Amino acid sequence: MAHALVLGCGYVGLELGRQLAESGHDVTGVRRSDDGLAAVESAGLSPARADVTDPGSLASLPDADWLVFAASSGGRGAEAARRVYVEGLQNVIDEYGGRASPPDRLVYTSSTGVYGDHGGDWVDEETPLDATTDKTRVLAEAERVAVEDASAAGIDGTVARFAGLYGPDRYRLDRYLTGPVTEGYLNMVHRDDAAGAVRFLLEADVARDDVVLVVDDEPVDKWSFADWLADECGVSHPPKRTKEERLDDPDLSEAARRRILTSKRCSNDRLRELGYEFAYPTYRTGYRAAIDAFRESADDSDATSDAE
C-alpha cells in the first residue's frame with residue numbers, strides 16, 4: 001500500500017482521501033487552517049499543516065509515494081491563482097524532488113477551462129489549449145509545471161482536468177429551478193467521480209506524464225438540463241434567456257462575459273478506455289440524491305401547511 005499526500009485536502013481531496021483510506025492506503029491531508037485540519041481529521045485522515053505558497057512550511061511534511069495537488073486559490077484573481085497553482089506547485093516539486101526518497105507520482109487537478117471556446121464542438125486530450133482568461137492561462141502554465149518540471153525532478157506527473165464539480169453541498173438547485181437559465185453546455189463530474197478518477201489513475205498506475213479529462217458521459221444543454229431537473233423536482237420549467245440577452249446586461253463582468261462565450265463538450269473517452277467505471281455516469285444519477293431531498297422537503301412543507 002502507498003502513502004498518499006493530498007495538498008489542499010478540501011471538497012474533492014477529502015473524498016479522495018476517504019476512498020484511498022478505504023483501499024488500505026495511508027493518507028495525509030494538508031490544509032492551512034484549524035478548520036481545514038479538523039475536517040481532515042474528521043474524515044479519518046492524518047492532518048498536516050502547511051501552505052504551498054510558503055516553501056518553508058513544506059519541509060515538515062512526511063515523505064510520500066503519491067502527491068495530489070488539489071489546492072485552491074479561493075476563487076480569487078489570476079495573481080492569487082499564480083501564487084498557488086504555479087509557484088505553489090513548483091514549491092512542492094522542489095521540496096519533494098530534493099528528498100532522499102522522492103514520490104513516484106504527482107497528480108495535479110486542473111480545469112477544462114483551459115480549452116477556451118470551441119463553438120459547442122467536442123474536445124479531448126488532443127485538442128490544443130486556448131485559455132481565454134488570465135486565470136485559465138495560469139492553469140495551463142501549471143499543467144506544464146506538473147508534467148515537465150515534475151519529470152525534471154524525477155517525479156512522474158499527471159494532469160487530471162476536471163469539468164464542473166457538483167455533489168453534496170454543491171448541487172445549486174435554485175440556480176436551475178428558479179432561473180433565468182442562460183443557454184450553453186454543461187460539462188460536469190460528480191465529486192465522488194472526480195476523486196474516484198484520481199484514485200484510479202494512481203492505483204491502476206496509468207497516465208504517467210499525461211493528461212486525462214475527468215468528465216461524465218453526457219455534456220448537456222443547460223436549458224434541457226434545467227427542464228429535466230424541474231420535471232424531476234415536480235416544479236414548473238424555469239425562464240430561459242439566450243446568450244445575447246445575457247450579454248446585453250451592462251453590469252456583466254468581463255470574466256462572466258468570457259464564460260458565457262465559451263462553449264464546448266468534453267469527451268471522457270480516454271478515461272473510459274483506461275478502465276475507469278463511473279459511480280455517477282450522468283447527471284441523471286448524480287442529481288438523484290438532491291432531487292429526492294428536494295421532493296421530501298416539499299412534501300414535509302405541504303404536510304405542515306395542511307396541519308396548520
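Starting from 1, each residue takes its place in the sequence as its number. Given the structure is predicted, the values throughout are model-derived calculations rather than measurements.
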Pairs satisfying salt bridge (charged side-chain N to carboxylate O under 4.0 Å, His left out), at least one member in residues 100-127, at least two apart: D104-R208, R105-D205

NZ/NE/NH1/NH2 to OD/OE distance under 4.0 Å, E141 and R82: yes

V30 side chain reached by R49 side chain, heavy atoms, under 4.5 Å: no

Least distance between heavy atoms, R199 atom then S23 atom: CD-OG, 4.2 Å

Y166 ring center near Y11 ring center (under 6.0 Å): no

Shortest non-hydrogen separation from W223 to T182 and the atoms involved: NE1-C, 3.6 Å

Derivation of the side chain to side chain contact (heavy atoms under 4.5 Å, CB included) call for Y287 and F294: CA-CA 11 Å; Y287 266 82; F294 180 91; over 6 Å; no

Worked check of side chain to side chain contact (heavy atoms under 4.5 Å, CB included) between Y280 and D192: CA-CA 8 Å; Y280 302 100; D192 294 4; 3.8 Å; yes

No-hydrogen, no-angle side-chain donor-acceptor test under 3.5 Å, D217 and N268: yes

Shortest non-hydrogen contact between F278 and V189, atoms and distance: CE2-CG2, 4.4 Å

R270 charged N/C atom sitting above Y276 aromatic ring, 6.0 Å / 45°: no

E245, CD atom: more than 12 neighbouring heavy atoms under 6.0 Å: yes

Check: K222 side chain, V220 main-chain N or O, donor-acceptor pair, under 3.5 Å: no

Verdict with supporting geometry, H237 and D231, side chain to side chain contact (heavy atoms under 4.5 Å, CB included): CA-CA 7 Å; H237 290 181; D231 289 341; 2.8 Å; yes

Short side-chain donor-acceptor distance under 3.5 Å, E143 and S110: yes

Any donor-acceptor N or O pair under 3.5 Å, side chains S263, H118: no

Rounded distance [0.5 Å steps], OG1 in T158 versus CG in L202: 7.5 Å

Contact summary for S57 and A50, nearest pair of heavy atoms: O-CB, 3.6 Å

Shortest non-hydrogen contact from A78 toward D134: CB-CB, 3.5 Å

Of V212, V107, V211, the residue whose pairing with V159 passes side chain to side chain contact (heavy atoms under 4.5 Å, CB included): V211

Side-chain touch L165/V12, heavy atoms, less than 4.5 angstrom: yes

Side-chain donor-acceptor pair present, D65, H25, cut-off under 3.5 Å: no

C233 to R295 - nearest heavy-atom pair and separation: C-NH1, 3.5 Å

Side-chain donor-acceptor pair present, D35, S33, cut-off under 3.5 Å: no

Derivation and outcome, side-chain hydrogen bond (donor to acceptor under 3.5 Å, both in side chains), residues D94 and Q90: CA-CA 6 Å; D94 290 345; Q90 188 66 65; 3.0 Å; yes

